[in-house]
Each structure stands twice: as structure tokens, then as C-alpha cells.
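Have a look at this one before I ask anything.
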Amino acid sequence: MRVEIPSHCRHPWDVTPEEARAIQVRLAARVREEPLDRAVATVAGLDMGVRRERGRAVAVVLAVPSLSLVESAVWEGPIHFPYVPGLLSFREVPGLLRALERLHTEPDLLFTDSQGRAHPRRLGLASHLGVLLDRPTIGVAKARLCGQPQGELPELRGAWVPLVDRGQVIGAAVRTRPGAKPVYVSVGHRITLAEAVEWTLRCTTHYRLPEPTRLADRLSRSSGR
DNA sequence: GCGACAG
DNA sequence: ATCTTGTCGC
């Protein structure tokens, strides 16, 4: 897919943690929580596996509603930024962009294994990527970074409760599978929270995580290494 | 000072 | 995320 970062969103990746936080505050102002503006024919799943200082970023594209694999792309290379809670995107986004530009398709909706607005500065990896690409993006994380789920979450598949931080609804704890821990869904960019939850459930079949994310995760860690 | 902390 | 064996539960 075309990966052209608008000049007002460009920034260096080789930065100090302090500079990274300042960039997040600036880009968070560009996140748009609004209704999807297109029909969704394909969804993408993104993930990165890391070993030592080497990363393997994977982008997969699935057809909707069959969720069959359309294509996949991989990028491998050195990772420099360390893992710091709250700064994950500075570690993974550069590689994910390289994998995305090797795609022949233009996915309508991107799934990321991370937070979107459910982030201390409201710019998790999903939002960071979404803003750079100016494309609809959803964050689906296996664990919470900040915020508190409101009330008890029913065991029924599809149940969800708001995730609130400092008085703001930043995402949702969603039961994608009975008896399994919830996943944390938040808006990445150009989608509403209700739609993000809806699409997460629509793309989740037999497992706890959505198929796009699951496939990308599998490819980013298995074979080849 | 203490606890929490996406991947 | 990665490392890494067996084990508890449906």
C-alpha cells in the first residue's frame, strides 16, 4: 500500500524518551474519533516479533466477511528503541510501516496488537500508526495500560464495559470469548469506539483475539527464525 | 516514596 | 515481547 507520511506528521524515530513523549502529545491532537467513512472489504493485521535486537514486522490482509487470507508482507531488520511502557510505537512503528508499504492491497481497516487512545497521552501504537497513515485503525490489546474498567464484565461473548481514565472514556474491556480474559479495545484513528468494538467482534471467531491480529502474530514469531 | 506498566 | 516444562481445567 501507499505509505506517504504527511509533512505535518513526520518526525525522527531516533529520539530520547523525553522527545518521544513530546511528539506523542503533538500527534495525539490529530487523532480523529469519527464514524468510518468507507465500506470495509479488507482488514489488515499488524504485529512484530523481536529477538535480541532484530525485529520481524508482519502485515496480513484478510477479506471481509470471509476472513480468508488475501496477502501478507514481511520486513526484518534491526530494532534500536528499547521497550518502554508508553513508548511502544517508537519501537515497532518504523518496521510496521516498511511491511505495510510492501503490501499490494490498500486495507480499509487496520488492526493492531496494542492500545489506541487508551494511553497516558492518548497516543498508543494504534493511534500513532493511524495518524501517520491517516487511515482507520483499531487497537486491540491483551492487557491494560491505563484506565479502569467500569463495573463487572458479563461472561457473555460480546459484552463490554467502558474503560475510563481521568474522567474520560478511552476504550472498552470486551469479552470476545466466554471464560477468557477480556481484550482492551480502543480507537486508533478515524473510527468510533462503538464501531471499533463491533469490528473487533466481527473479526473474532474461535479465539480470544481477532483473526487479523492472530495471523500476524503467528507469522511474526514462527518460521524463518 | 510506592505501585503500575501495551509489547 | 522472549525464555521455557509441566500442569490444571473444560
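Chain A is the first sequence line, chain B the second, and so forth, proteins listed ahead of strands; every chain is numbered from 1.
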What integer distance in Å separates A:Ile170:CD1 from B:dA6:P?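 In whole Å, B:dA6 P lies 13 Å from A:Ile170 CD1.
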To the nearest Å, give me how far apart CZ (A:Arg221) and P (C:dT4) are.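 It works out to 14 Å between those atoms.
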Let's see if you can work this out: which of B:dA6, C:dC3, C:dA1 has an atom nearest to the side-chain heavy atoms of A:Lys142?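 The closest nucleotide is C:dA1.
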Taking 5.5 Å and 30° as the limits, would you call A:Tyr184 and the base of B:dA6 a stacked pair?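 Stacking is absent between B:dA6 and A:Tyr184, given that the ring centres and planes do not meet under 5.5 Å and under 30°.
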Base, sugar-phosphate alone, or nothing: which one does A:Leu87 contact when heavy atoms must sit under 4.0 Å apart?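 Here A:Leu87 touches the bases of the nucleic acid.
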Between C:dT2, B:dC5, B:dG7, spot the one nearest the side chain of A:Leu145, thanks.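 Of C:dT2, B:dC5, B:dG7, B:dC5 is nearest to the side chain of A:Leu145.
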Could you state the CE-P distance from A:Met48 to B:dA6, rounded to the nearest angstrom?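 Nearest whole value for this atom pair: 18 Å.
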Rounded interatomic separation in angstrom, taking CZ from A:Arg91 and C1' from C:dA1: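 Taking CZ of A:Arg91 and C1' of C:dA1, I get 7 Å after rounding.
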How many whole angstroms separate atom CG of A:Asp165 from atom C1' of B:dC5?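 Spelled out: CG on A:Asp165 to C1' on B:dC5 is 13 Å.
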Return the orientation label for the A:Phe90 and A:His11 ring planes: parallel under 30°, perpendicular over 60°, tilted otherwise.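 Aromatic pair A:Phe90/A:His11 classed tilted.
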Roughly how many Å is it from CD in A:Gln115 to P in B:dA4, rounded to a whole number?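 It works out to 17 Å between those atoms.
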Any heavy-atom pair between the side chains of A:Leu36 and A:Arg190 that's under 4.5 Å?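 No, every pair of side-chain atoms sits at 4.5 Å or beyond.
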Using a heavy-atom cut-off of under 4.0 Å over every strand shown, decide if A:Gly86 touches base, sugar-phosphate, or nothing.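 A:Gly86: base contact, heavy atoms under 4.0 Å.
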Just the rounded figure in Å: distance from P of B:dC5 to CG of A:Leu163.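 Spelled out: CG on A:Leu163 to P on B:dC5 is 12 Å.
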So, A:Gln24 and A:Arg122: side-chain donor and acceptor under 3.5 Å apart, yes or no?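 No, no side-chain donor-acceptor contact under 3.5 Å.
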If you only use heavy atoms from C-beta on, which nucleotide in B:dA4, B:dG7, B:dA6 is closest to the side chain of A:Arg144?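 The nucleotide sitting nearest to the side chain is B:dA4.
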With a 4.5 Å limit on heavy-atom distance, are the side chains of A:Trp13 and A:Phe81 in contact?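 With C-beta onward as the side chain, the pair stays apart.
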Taking atom types as modelled, is there a side-chain donor on A:Glu34 or A:Thr192 under 3.5 Å from an acceptor on the other?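 There is no such pair (donor and acceptor under 3.5 Å, judged by atom type) between the side chains of A:Glu34 and A:Thr192.
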May I have the distance from A:His119 (atom NE2) to B:dA6 (atom P), rounded to whole angstrom?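 Result: 11 Å.
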